[in-house]
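To keep things clear, I will list the structure first and then write my remarks on it.
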Amino acid sequence: MLFNSYEFIFVFLPITFFVYFYLNHKRLTGASKGFLVFSSLFFYSWWNVAYLPIILTSMLFNYLIGTNLNKDCVNHKFSKKSILTFGIMSNLALLVYFKYMDFFIENINVASGSEFDLLYLALPLAISFFTFQQIAYLVDSYKQETKEYDFLNYALFVTFFPQLIAGPIVHHSEMMPQFAKTKNKVKNYKNITMGVFIFSVGLFKKVVIADYFSGISDLGFNSLETLNLFSAWITSLSYTLQLYFDFSGYTDMAIGIALLFNIKIPINFNSPYKALDIQDFWRRWHLTLSRFLKDYIYIPLGGNRESEFKTYTNLFMTFIIGGLWHGAGWTFIFWGAMHGSALVGHRLWRSLGFSMPSWLGWFITFNFINVTWVFFRANSWENAVRVINGMFSFDNIVLPEFLMNQLNFVSVYGLSFSKTWLTDISANNYTLVYMVLSLGLVFIFENSNQMTNKLSKNKKSYYYHILSGCLLFCALKTMMVVTDSAFLYFNF
Amino acid sequence: MKNINIIIASFCFCCFLYISILYIQLGNETQGSRWVYDAYNLKEEAASEILEPKIVIVSGSNGLFGVDSDLLSHHLGKPVVNYAVHAGLGPAYILYKSKKVLKPGDIAILPIEYSHYQHENISSVLLDYILSRDVDYFRGLTIEEKIDAILRVSISRTLLGLKNNKSSVPIGVYGIHNINSYGDQVNISMKDMSPSDIRHRDNLKETQIKGSTVSNKTKDLLHNYIAWAKNNNITLIFTPPNYMYFEYYDGKEFVDFLRNINLFYNGENALYIGNPQDYMFDKKFYFNTTSHLNKNGVERRTLQMIKDLKNTFN
């Protein structure tokens, strides 16, 4: 079930909300949690019930391992470290089997000339997210940072539906105390209005903005053999905008829905395209994944505690793993390598005492990110190269036909005019206006977290509530016209 | 609680404002609907000038960009009006419009687009058209259809209508400056295509179908239309539309779909003439979409139609 579907907004969410608080009102705390777990599993199974046993088995397994890592439950046969290693390796094995096996087989076939059959396994929904979240739980349990070991609570921690499918990746210690608080078991109108506000913003981002650009980027990346200079840039910028508005829209909706239940989940985005350098970008983009990579990969690898060279290697390796986490493909690894290299380069640049004007830093960073998203988005290496070639090749420049009279003199330089200059990617002059407005939103305006903070501090913030109703109307109205589309991060 | 009421009030106000704007701008012209409006007027005028029984081509733009009416008329010995305009209008509206020009004794040739056999909802093209150019049709919809239409009009279209810019005479491919007195699209030879247009054409992909069944909505629509034609002494000849050939159309799903179309016409006792594969031509015969033929393609398709129809006419 998608957050941006009528069945979710008008059936699933209201029923879950009212039944959960009704059970709490009747002091049936266990039943209310059980109902929330049941609802979350129903929400998860809506896509494909075949995935349900996988998540249930994974949950049960990690719960047992976590219990064994509990300080009160010492197992004399094995050391805690061996149990932790076994737990992490088992989780990774599950992920590797479903997500990376075909990638490995393909590469072995290419490298050795063998002809092993591919498995063509369907990727269970959210496997990357719930696996990482549970690995974090095991490590936290090993460090004695988890405080309760009830299976129902654990199931709630893993399956809580707002963050189950695509994060934010949360820690046990930041979620479970919230469910335990008595005051969180009653409806809180302040949280409800804030939740509705941030949900409306997220729904608007997804349905009105991201889905508009998805049509253009899909055509540009998948349908065409050649792209002219403008259509290639519009394709890449469309994806850059689509990805941000899609994923941050999803996160806003998740945060908003969780707030309805009086649960605060961490933010994932903080205006990433305003970043002035690449390090700044990673402090603003997919924050909970960055936190995971830092805490569970970069620091265990040694972080910056050893030599400069080792720090650079750790940084680079962390981003290769980050790239691979997003998908089993060389384009994802290359994307990770580009970001890893950029972070190493930036660190080196800073250590040498160089600096540059803020505007130049922003300009370089944004364009670098825009180019790297091409590799992230493309289905194949050839597709990525085709788009990049279009972006940087000046021998295929097509201008709109209506400019022919004014600019005819440029024809001698090989530039041509056509009425279909952007129609290849289903774009037109309005697309450019829409793109400028959307870029303006990401570069200039406050983000949803900043607006929500203001809303929470200002009791008479009528403006935000009026805006909330308007955004909700625009989004629900747009949903009537377009078909439901899944969130991009559901693929990861 | 007060704040929630503000959100609800704001939402309701938006709904009210939206419906008001939609009704205020009924009949306001949009540029996008201009060429369709002009094309229908031109074709209706051409049809009204023919007093004897005639042949009328009824379909979306596969007919507009796909028939040489002069050649057809010459071989079949009857005057021809190409009343095909735009598939985006959907089958309900195309058939509704055709009733205005068809008179007793006429023959309607209907190369209905395959997408129309799976018609479900009112299209954005039709909404744009009826809100600006055929308000009577909008007013004539049932309450359910009207609500459905209002919900489906996009916000951008509503705002566009509000501007009420008097539309200018279209330039480019679409417009009556490129339609001849029979109603056929002209200026579609290879020399009218720029290298970029040719690249665009060569990049086109097949149109995928949604399962192999004919929708119930289309079945009802065609059933009623066939009954109307019978009552009015109008002969209907259904034929395959022209489509750019892709391997996909040889696949099981599409072949089953074609069989279901045939079964439907058999069940209705309606005349369906022609082998769909004979109307699928190579890319080089196309102009700017997968159903818009260029001049060479039009000739090929018309000759195929003549071959298929001649037996019936004899």
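Numbered from 1 within each chain, the chains take letters A, B, ... in sequence-line order.
- Residues passing the ring-ring contact (aromatic ring centres under 6.0 Å, His included) test with His119(B): none are found, sequence neighbours excluded.
- In this structure, chain A has a heavy atom under 4.5 Å from the backbone of Ile150(B), while its side chain stays farther away.
- With a 4.5 Å cut-off on non-hydrogen atoms, Ile192(A) touches chain B through its side chain but not through its backbone.
- With sequence neighbours excluded, the residues satisfying side chain to side chain contact (heavy atoms under 4.5 Å, CB included) with Val11(A) are Ile15(A).
- Heavy-atom distances place no part of Tyr464(A) under 4.5 Å from chain B, backbone and side chain included.
- Listed options Ala9(B), Cys15(B), Ser156(B), Ser124(B) were ranked by heavy-atom pairs under 4.5 angstrom with chain A; first place goes to Cys15(B).
- For a residue to count as touching a neighbouring chain, one of its non-hydrogen atoms must lie under 4.5 Å from one of that chain's; by this rule Leu476(A) touches chain B with the side chain only.
- For the pair Thr235(A) (side chain) and Ser231(A) (backbone), a donor-acceptor distance under 3.5 Å is present.
- In this structure, Arg133(B) satisfies the cation-pi test against Tyr37(B), with its NZ or CZ atom closer than 6.0 Å to the six-membered ring centre and inside 45 degrees of the ring normal.
- For the residue pair Asp134(B)/Tyr93(B), the side-chain donor-acceptor check at 3.5 Å is satisfied.
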